[in-house]
Amino acid sequence: MLVTQQEKLRADVTALVDRLGPGRSSLIPILQDVKRRHHGVDSDAMQIVADLLDIHPVEVYSVATFYAFLNPAAQGEFVVRLCRTVSCELAGKDAIARQLETELGIAFGETGEDGRFTLEWANCMGMCDQGPALLVNDRVYTRVTPERVREIAAECRAAYSGHAAERKEGYLV
Amino acid sequence: MSIQTQGNTLTFASIDGDAGLKAALAMKRADIIDTVADSGMKGRGGAGFPTGMKWNFAGAEKGDKKYIICNADEGEPGTFKDRVILTEFADLVFAGMTIAGRAIGASQGIVYLRGEYTYLRSPLNAVIKKRRAAGLLGEDVCGVKGFDFDIIVALGAGAYICGEETALIESLEGFRGEPRNRPPFPVVAGYRYAPTVVNNVETLASAACIFVKGVDWFKSFGTDRSTGFKLFSISGDCAKPGVYEFPFGITVADLLKEVGGGDAKAVQIGGASGTCVPRAQFTRQMAFEDIPTGGSVVVFGPQRDMLAVAENFLEFFVDESCGQCTPCRIGNTKMLEAAEQLKEGTCSAEYVAELRELSGTMQVASKCGLGQTSSNAFMSILEHFGDEIMSRPVQAETARTPA
């Protein structure tokens, strides 16, 4: 990471610590924010968070790797999570999975080279009556059909290609 | 309205939770707890611990700082009622939390919202803001001198295990969501080691209803040992999936008739950690004394392969086990391997018998509910659908390569 980036990150995390307090309870909200802005939590970020909360960086690593949504690996701007649990399986998630891989050009667990998309499995996301369901970042899509996969990808690409001032950190809605 | 019910008016929609809050605040603290205890209400999350008893334990603890936690980490596969409650009846939940706060002497409420429901955070915060402005939260709630209570929303980060109350508390404190040893129970030493009540979303909403309509009204629903009404999350092979309100004690067959799943060959009740009930047992009741449930019902039509269902559940548990206890971490992996062997037709009956023993070990030697219940579904599927699952044709080597 560039020194300027590190300084920016340290300033961001410092602001968060000021707002949330320096206690251990702030760790997960801070990591959620870092993950949202930077799409990953690299070792520099872990060190900075550890310094500011006065805990060992290994503690930060152990928490970040425990939670599916805090995955420290660098991920795409849009993390597409398809539900693989029983009701969505009955509703035909396999067809959606194949279409997602084809449409996005990546397999499950992978991030595209352009850094736009990451494709992942998710466990039950509470949309069992409206499956197959998927999440794109925080946004939920239900009753997804293979045809709709294309629309969803196009919606993300449009948000991504917008001017930086117009899009909100690559986030839908 | 996305909750359906049998003919009558939907309970949650017909009740103003704030009337319940005002009624409760006019009572002595001990009387609030007695009311909930008298109602016989058991926790709606699935474990079925008597709510009044939980409040009583926490209320009896000394300490100036206590917490009410609303468990909105609805991760059990097939469960989505809490999402609907939080979307449409958040006021009822917050009223219930405030009543619980008054009862045990807590001043802080925390909603632990699962990461998958991040989109509910702003609407919930908006409701909280409105309640603060209306004097229903904050200092001297509803004009009751000295009763301060406020609620914040904390966000989970994608871990099923955090629905377990001590894991949830660990997560709130900023640690890995690994369940704690008990005792001490959270009612004695919970969040930040202060007395803490962790209740399910629906439990808190239903508690508010009790203070509006009274204990006798509540007990008029359900059975003697499972009082009240319950929300059920229905999904799978049925004509009308969704959230339904039924009284406890409804039989599986009656429920299926209501949701259009009459031809089901089996239903999974209680999510992945629940049990699989075959058609022959559809006369059984949904109640803590018969089939205990948090309200999740997944319907399997006649064409479904029950082994694939078992495999799906086991993949889930292998993924979601926190890894702390060996019986759960290794046990679930072994169960999944066995399911794959069964699929390939290479699993001996001898090994299946060993798996039953392993399941027993997992039940007694795992620290929390995940490991204690994760083999239930597989075992009940093996028991009821043995003919369908055992001695499948051996797969050719080429066909065996995993996808």
Side-chain angles (χ1 to χ4, degrees), chain A residues 20-21 23-33 35-36 49 53 55 59-71 79 81 83-91 93-94 97-98 107-108 120-131 133 135 137-140 142 171-173, chain B residues 2 74-84 114-121 154-162 171-178 191-192 233-238 240-243 268 271-272 296 298-301 304 308-309 312-313 315-316 319-320 322-323 377 403:
Chain A
L20 299 164
R24 176 81 191 229
S25 292
S26 306
L27 177 56
I28 291 174
I30 289 172
L31 290 176
Q32 282 167 334
D33 192 79
K35 176 78 185 167
R36 187 172 65 79
V49 173
L53 292 183
I55 53 178
E59 290 283 328
V60 181
Y61 176 84
S62 87
V63 168
T65 48
F66 184 86
Y67 295 94
F69 287 13
L70 296 180
N71 183 355
V79 181
R81 295 186 172 95
C83 179
R84 65 172 162 197
T85 316
V86 64
S87 303
C88 285
E89 167 145 325
L90 299 183
K93 66 112 169 64
D94 286 340
R98 282 194 299 274
F108 278 82
E120 277 189 348
W121 290 112
N123 288 322
C124 189
M125 53 182 69
M127 285 290 163
C128 320
D129 54 338
Q130 303 165 42
L135 278 173
N137 295 344
D138 292 344
R139 186 163 179 177
V140 66
T142 59
Y171 246 48
L172 289 172
V173 182
Chain B
S2 46
E74 182 175 49
E76 191 63 54
T79 313
F80 46 94
K81 64 181 177 71
D82 293 345
R83 165 176 59 82
V84 174
R114 64 188 304 224
E116 289 84 345
Y117 292 171
T118 300
Y119 54 88
L120 288 177
R121 182 168 54 171
L155 209 54
Y160 166 75
I161 188 63
C162 291
S171 175
L172 274 178
E173 291 181 357
F175 295 91
R176 294 159 67 88
E178 291 175 348
Y191 181 57
R192 294 180 173 166
S233 317
I234 319 280
S235 64
D237 300 321
C238 60
K240 294 179 286 178
V243 178
Q268 177 73 18
S296 149
V298 182
V299 184
F300 302 115
R304 295 297 177 187
V309 169
N312 185 292
F313 288 147
E315 279 172 357
F316 173 80
D319 204 40
E320 293 291 356
C322 81

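Here the structure is a predicted model, which means the values were calculated and not measured. We name chains A, B, ... by the order of the sequence lines, and we start the count at 1 in each one.
- Summarising the geometry, atom CG belonging to A:L27 is positioned 12.0 Å from atom CD belonging to B:E173; distances are rounded to the nearest 0.5 Å.
- Residue B:I161 touches chain A through its side chain alone, counting heavy-atom pairs closer than 4.5 Å.
- The candidate with the highest count of non-hydrogen atom pairs below 4.5 Å against chain A, out of B:R176, B:R192, B:E116, is B:R176.
- Formation of a donor-acceptor pair under 3.5 Å by the B:N312 side chain with backbone atoms of A:R84 is found in this model.
- Considering only heavy-atom pairs separated by less than 4.5 Å from chain A, the leading option among B:S235, B:G301, B:P241 is B:S235.
- Heavy atoms of B:V84 lying under 4.5 Å from chain A are absent altogether.
- Proximity to chain A is limited to the side chain of B:R114, based on heavy atoms less than 4.5 angstrom apart.
- Contact record, B:C162 with A:Y67: SG-CE2, 3.8 Å, taken as the closest heavy-atom pair.
- When B:E74, B:R121, B:E320, B:K81 are compared by the number of non-hydrogen pairs under 4.5 Å with chain A, B:E320 comes out ahead.
- Heavy atoms of B:L155 lying under 4.5 Å from chain A belong to its backbone as well as its side chain.
- Using a 4.5 Å cut-off between heavy atoms, A:L90 contacts chain B through both its backbone and its side chain.
- Around CZ of B:R304, the count of heavy atoms belonging to other residues, nucleotides or ligands within 6.0 Å exceeds 12.
- Taking B:A157, B:G236, B:G242 one by one and counting their heavy-atom pairs under 4.5 Å with chain A, the maximum is reached by B:A157.
- Taking all atoms of both residues into account, the shortest heavy-atom contact from B:G174 to A:V63 is O-CG2, 3.6 Å.
- In this structure, chain A has no heavy atom under 4.5 Å from any part of B:Q268.
- A 6.0 Å sphere centred on OH of A:Y61 holds no more than 12 heavy atoms belonging to other residues, nucleotides or ligands.
- Judged purely by atom type and a 3.5 angstrom limit, A:Q32 uses its side chain to pair as donor or acceptor with the backbone of B:G156.
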- Item | Stepwise side chain to side chain contact (heavy atoms under 4.5 Å, CB included) test for B:Y160 and A:N123 | CA-CA 8 Å; B:Y160 166 75; A:N123 288 322; over 6 Å; no
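- Looking at every heavy atom in both residues, A:G126 comes nearest to B:F80 through O-CB, 3.1 Å.
- Both the backbone and the side chain of B:C322 come within contact range of chain A, each with at least one heavy atom under 4.5 Å from a heavy atom of that chain.
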- Task: Step by step, work out the side chain to side chain contact (heavy atoms under 4.5 Å, CB included) result for B:F175 and A:S62.
- Result: CA-CA 8 Å; B:F175 295 91; A:S62 87; over 6 Å; no
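- The contact between B:S171 and chain A is made by backbone and side chain atoms together, counting heavy-atom distances below 4.5 Å.
- A:F69 CZ to B:T118 OG1: the interatomic distance, rounded to the nearest 0.5 Å, is 6.5 Å.
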